[in-house]
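Read through the structure below, which is laid out as structure tokens, and then see the notes.
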Protein chains: 2
Amino acid sequence: MAKRLVDSLREAGYRLTAPRLAIIKVLEAETGHLSPAEVLEKGRAFYPALSRATVYRTLDLLTKLGLLRPIYLGEGNLCFIYPREGHHHLICSKCGMVVDFDECIAAPLGQALSERFGFRIESHLLEFYGLCENCQKDEQKQAGGD
Amino acid sequence: MAKRLVDSLREAGYRLTAPRLAIIKVLEAETGHLSPAEVLEKGRAFYPALSRATVYRTLDLLTKLGLLRPIYLGEGNLCFIYPREGHHHLICSKCGMVVDFDECIAAPLGQALSERFGFRIESHLLEFYGLCENCQKDEQKQAGGD
DNA sequence: TTATAATTGAGACAGAATCTCAATATTAAA
DNA sequence: TTTAATATTGAGATTCTGTCTCAATTATAA
Ligand SMILES: [Zn+2]
Ligand SMILES: [Zn+2]
Ligand SMILES: [Zn+2]
Ligand SMILES: [Zn+2]
């Protein structure tokens with residue numbers, strides 16, 4: 001698990017530095033969805049001098065290597081997810097609640113697209129949007145005011 | 001087509017104002033993926049006094065109503081898409097190129113999740129990430145430097 | 001060890017998003 | 001129509017986010 005990010009960096013010819021390791025530890029420790037600000041904060045537990053610029057640079061680098069994915073979940077914050085195969089989300093477009101689920105049907109389509117467009121597909125995003133049970137109830141009571 | 005956004009606003013009890021109409025016209029005119037800044041600029045063609053705050057407020061509102069979806073495409077800019085059924089993307093994680101395609105297999109899974117979690121699903125996101133042909137070639141030549 | 005070049009932190013900077021509040025416009029009721 | 005109640009707005013201040021520069025540091029291979 002820990003190996004994947006580290007090895008991919010190395011194989012691509014990038015140096016394995018203390019700041020990068022701190023960031024990778026954060027990404028691996030959390031199963032979830034981390035904003036750059038959270039990565040910075042948590043990363044300083046491993047490497048106190050960690051700077052904001054380095055966090056952004058490293059998240060971008062890992063994204064370019066296809067190891068992370070930027071996504072908007074719920075409350076309008078960019079976050080990066082470290083994709084586990086077949087891990088996806090159900091998001092309430094009103095209150096922002098996020099439900100995780102592990103189930104997927106995207107592989108065959110991915111295969112087809114890969115051939116059609118000459119892409120080498122590394123991962124995908126599958127997110128459903130809608131209203132959670134609570135927000136459905138709220139909706140019936142009120143109309144108008146937020 | 002034009003009706004959908006307008007009617008949904010009304011039905012949810014929100015007022016139909018000139019600034020909102022301008023924004024809706026922009027969203028309908030463009031098939032693509034618009035950043036808030038683009039919506040502001042284009043929206044001023046319909047309603048010159050349109051303000052940035054109103055653009056953000058309206059995009060958020062339409063998102064809460066499940067009519068728009070915030071997404072990161074390619075080069076790290078937030079944009080909002082006005083989902084057309086089965087319209088999705090293939091994104092190069094290195095150079096940011098976006099390929100559109102219209103094909104989808106998410107509906108049955110959506111149905112199942114809806115029942116399992118009590119969500120009312122309104123739409124979904126299905127995006128594939130990988131390397132485009134050019135970036136695959138580049139990768140073979142160099143290792144290391146950006 | 002040493003040389004080389006990638007990487008870093010700090011802080012300046014630019015741009016994006018949010019907030020406040022008085023002024024305005026929509027809507028429903030009179 | 002007219003009016004009253006209230007949602008919505010624009011402008012600008014403000015706060016956050018993300019980028020950039022550059023000298024200092026550090027990983028790596030020789
Ligand atoms: Zn999947
Ligand atoms: Zn909800
Ligand atoms: Zn998750
Ligand atoms: Zn590419």
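We use all heavy atoms of the structure for the numbers below, so side chains are in, but hydrogens, waters and symmetry mates are not. Labels below follow one simple rule: chain letters A, B, ... track the order of the sequence lines, proteins then strands, and each chain is numbered from 1.
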Using atom [atom1] of [X] as one end and atom [atom2] of [N] as the other, report the distance to the nearest whole Å.
X: A/Arg57; N: D/dT26; atom1: CZ; atom2: C1'; value: 14 Å
X: B/Arg52; N: C/dT20; atom1: CZ; atom2: C1'; value: 14 Å
X: A/Leu40; N: D/dC16; atom1: CG; atom2: P; value: 14 Å
X: B/Glu38; N: C/dG15; atom1: CD; atom2: C1'; value: 15 Å
X: A/Arg20; N: D/dT25; atom1: CZ; atom2: C1'; value: 14 Å
X: A/Asp60; N: C/dT7; atom1: CG; atom2: P; value: 14 Å
X: B/Leu21; N: D/dA7; atom1: CG; atom2: C1'; value: 16 Å
X: A/Leu62; N: C/dT7; atom1: CG; atom2: P; value: 12 Å

Tell me, please, which residues at least two apart from A/Ser51 pass side-chain hydrogen bond (donor to acceptor under 3.5 Å, both in side chains).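 A/Ser51 satisfies side-chain hydrogen bond (donor to acceptor under 3.5 Å, both in side chains) with A/Thr54 once adjacent residues are dropped.
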
For residues 14-23 of chain A, which residue pairs qualify under salt bridge (Lys or Arg N to Asp or Glu O under 4.0 Å), counting only residues two or more places apart or in two chains?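 Pairs touching residues 14-23 of chain A that pass the test: none.
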
Under 4.0 Å, heavy atoms only, any strand: does B/Ala53 hit a base, just the sugar-phosphate, or nothing?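 Base, at least one base heavy atom under 4.0 Å.
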
Going by salt bridge (Lys or Arg N to Asp or Glu O under 4.0 Å), name the residues that satisfy it together with B/Lys25, two or more places apart in sequence or in a different chain.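 Checked B/Lys25 against salt bridge (Lys or Arg N to Asp or Glu O under 4.0 Å); zero matches.
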
With sequence neighbours excluded, tell me which residues meet salt bridge (Lys or Arg N to Asp or Glu O under 4.0 Å) with A/Arg10.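 A/Arg10 satisfies salt bridge (Lys or Arg N to Asp or Glu O under 4.0 Å) with no other residue.
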
Between D/dG10, D/dT8, C/dG9, which nucleotide has the shortest distance from any of its atoms to the side chain of B/Ser51?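 Nearest to the side-chain atoms of B/Ser51, counting from C-beta on, is D/dG10.
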
Atom pairs under 3.5 Å, N or O on each side, protein against nucleotides 22-26 of chain C: can you list them with distances?
| residue | atom | partner | partner atom | Å |
| --- | --- | --- | --- | --- |
| C/dT26 | O2 | B/Arg15 | NH1 | 2.7 |
| C/dT26 | O2 | B/Arg15 | NH2 | 3.0 |

To the nearest 0.5 Å, how far apart are NE2 in B/His88 and CZ in B/Phe128?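 These two atoms lie 9.0 Å from each other.
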
Only distances under 3.5 Å count here; give the side-chain donor-acceptor pairs of residues 105-115 of chain A to other protein atoms, sequence neighbours excluded, each with its distance to 0.1 Å.
| residue | atom | partner | partner atom | Å |
| --- | --- | --- | --- | --- |
| A/Gln111 | NE2 | A/Glu115 | OE2 | 2.7 |
| A/Ser114 | OG | A/Phe119 | O | 2.9 |

